[in-house]
Structure formats: structure tokens, C-alpha cells
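In what follows, a single structure is set out as C-alpha cells and then discussed.
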Amino acid sequence: LLGIGVLVSGRGSNLDAILRAVRNGSIRGARVRVVVSSDPEAKALKVAERYGVPAVSVSTEKGRAEAEGEILRALESHGVLPESGLVLLAGYMKVLSSAFIAKYADRIMNIHPSLLPAFPGLRAQKQALDRGVRVSGCTVHFVVPEVDAGPIIIQRAVPVRGSDDEDSLSARILRQEHRAYPLAVRLFAEGRLRIEDRRVVVKA
Ligand code: GAR
């Protein structure tokens with residue numbers, strides 16, 4: 001069974017989508033073992049509780065090295081091991097160190113609310129609106145030290161309408177996030193993702 005750890009900072013709707021997909025059997029051979037939040041007030045902690053998944057919050061006040069040590073211990077003690085587990089960033093708003101990323105090499109995924117490499121960083125939906133693009137979407141990718149730059153697993157596109165504001169575009173993209181992330185996890189759990197030359201090859 002693939003052991004999954006999910007790192008969150010906020011609302012937790014992507015976490016919810018993944019937990020639902022495990023529960024209803026569309027992701028097989030995997031279990032979410034632990035949820036780690038960078039914010040003790042995150043709604044995502046309640047989502048974890050609803051599904052009976054252990055959840056902890058890890059403060060970054062003492063610095064990133066200390067926090068990442070705690071995250072690592074939480075993951076490992078729940079069986080999400082560097083050689084065999086999978087770490088999902090789901091609205092996790094901290095940047096992981098390259099040491100942490102190297103430990104879970106090719107076993108950390110992130111979801112980002114734009115069609116990368118367009119609009120990396122914060123408030124991607126607002127960046128898209130400000131730039132006047134006609135299409136945006138979401139990207140699930142493997143995490144590398146450079147932020148929002150890793151090998152792309154899945155993208156889903158949505159139209160951008162003249163009447164959109166940040167909220168309406170974010171909501172349209174979010175509906176696609178909730179389809180894309182569980183699908184990416186499913187492909188990983190089925191052993192169908194391989195990274196070749198910074199690109200992800202999906203096996204049939
Ligand atoms: C999602 O839109 C996700 O793509 C975005 O934060 C939101 C989290 O929502 N992530 C980033 O912007 C990462 N830089 P959620 O907590 O409801 O899943």
C-alpha cells in the first residue's frame with residue numbers, strides 16, 4: 001500500500017478531493033496516512049478529522065530546518081517513508097528546502113492554479129487575469145527545488161471570461177484541480193509515471 005502524506009496550509013478542498021477518491025475506490029492501493037498543516041487554524045485539519053486521518057500542525061516559527069525536521073518525523077512515524085511514500089502539497093504555502101526535496105526525490109507532487117510555466121508563484125489566477133490570457137487552468141507537477149518548475153504530470157484548461165474576477169476564475173480552476181490531483185495520484189499509485197529528461201511519461 002502506498003503511504004501518502006499531505007501538506008496543507010488552508011482550506012483543504014484538494015485534500016478533500018483526494019481523500020474522497022481514496023474512499024470511493026478511484027485511487028486504489030494507497031492510503032493517506034497523515035496530514036501536516038503549517039497553520040494550526042487551517043480548515044484542512046477539520047477535513048482530515050472528518051476522514052479519521054491523523055493530522056498535526058507544524059509551526060515554522062523556529063525556522064525552516066526545525067519545521068522540516070518535525071514534518072519528516074510526522075511523515076516517517078506514520079509510514080510515509082522517503083523511499084516508498086508519496087508527499088502531496090495541497091495548498092501548502094511554504095517552500096520546501098532542497099534537502100527535503102532530495103530526500104523524497106521524485107516522490108513529492110504539487111498542484112498550482114495556472115498552466116505552468118505561466119504564472120508561477122503567488123496569486124496565479126490574478127496574474128492570469130492581469131495578463132489578459134484567454135485560457136488558464138491548473139497543473140499537477142513533481143516538485144523540484146525551483147518553485148513551480150518541476151516535471152508536469154497533468155494539466156487541465158479552463159476559459160477565462162471577460163466578466164471574470166479573481167474569485168470566479170479561481171472557482172472555475174478549482175473544479176478542475178479536484179479532478180486533476182486525484183488522477184495524478186492514481187497514476188502514481190498504479191506505477192504509471194516515469195520521469196525522463198525532466199518530462200513525465202505516462203504509461204498506458
Ligand atoms: C488551490 O487553488 C491550489 O492550487 C493553490 O492553493 C489553493 C488551495 O486550496 N496552491 C497554490 O497556489 C500553491 N502555490 P485548497 O486548500 O482548498 O486545496
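First listed ligand is number 1; within each ligand, the first listed atom is number 1. Residues: numbered from 1 along the sequence shown. Only a predicted model underlies this, so the values are computations on that prediction, with no experimental measurement involved.
- Within the listing of ligand 1, atoms 15 (P), 16 (O), 17 (O), 18 (O) sit less than 4.0 angstrom from a heavy atom of Ser13.
- Backbone and side-chain nitrogen or oxygen atoms of Tyr92 are examined, and none is located within less than 3.5 angstrom of a nitrogen or oxygen of ligand 1.
- For the residue pair Asp165 and Ser168, a side-chain donor N or O sits within less than 3.5 Å of a side-chain acceptor on the partner.
- In this structure, His112 contributes its side chain and Phe119 its backbone to a donor-acceptor pair below 3.5 Å.
- Separation of atoms CD1 (Ile154) and CD1 (Ile111) is listed at 9.0 Å; rounding is to 0.5 Å.
- Judged by distance alone, the side chain of Ser37 and the main-chain N or O of Leu45 form no donor-acceptor pair under 3.5 Å.
- Some N or O of Gly12 is nearer than 3.5 Å to an N or O of ligand 1, by distance alone.
- The atoms of ligand 1 that sit less than 4.0 Å from any heavy atom of Arg11 are 9 (O), 15 (P), 16 (O), 17 (O).
- In this structure, Met93 counts as a contact residue of ligand 1, since one of its heavy atoms falls inside 4.0 Å of the ligand.
- For atom 10 (N) of ligand 1, the closest heavy atom belonging to the protein is Ile111 O, 3.7 Å.
- Remark: ligand 1 atoms within the under-4.0 Å shell around heavy atoms of Pro113 are 4 (O), 5 (C), 10 (N), 11 (C), 12 (O).
- In terms of polar-atom proximity, defined here as any N/O pair under 3.5 Å, Asn110 makes no such contact with ligand 1.
- For the side-chain hydrogen bond (donor to acceptor under 3.5 Å, both in side chains) test with Arg156, the passing option among His178, Gln176, Glu177 is Gln176; the others fail.
- Checked by distance only, ligand 1 and Asp148 stay at 3.5 Å or farther apart across all their nitrogen or oxygen atoms.
- With respect to atom 1 (C) of ligand 1, the closest heavy atom belonging to the protein is Glu177 OE1, 3.1 Å.
- The backbone N or O of Gln125 sits nowhere less than 3.5 Å from a side-chain atom of Glu166 that would complete a donor-acceptor pair.
- Using modelled atom types, no side-chain atom of Arg194 and backbone atom of Lys203 make a donor-acceptor pair closer than 3.5 Å.
- Looking from atom 6 (O) of ligand 1 to the surrounding protein, the closest heavy atom is Gly91 CA, 3.9 Å.
- At the shortest separation from atom 14 (N) of ligand 1 among protein heavy atoms lies His112 ND1, 3.8 Å.
- Judged by distance alone, with hydrogens and angles left aside, the side-chain atoms of Tyr181 form a donor-acceptor pair with the main-chain N or O of Met109 at under 3.5 Å.
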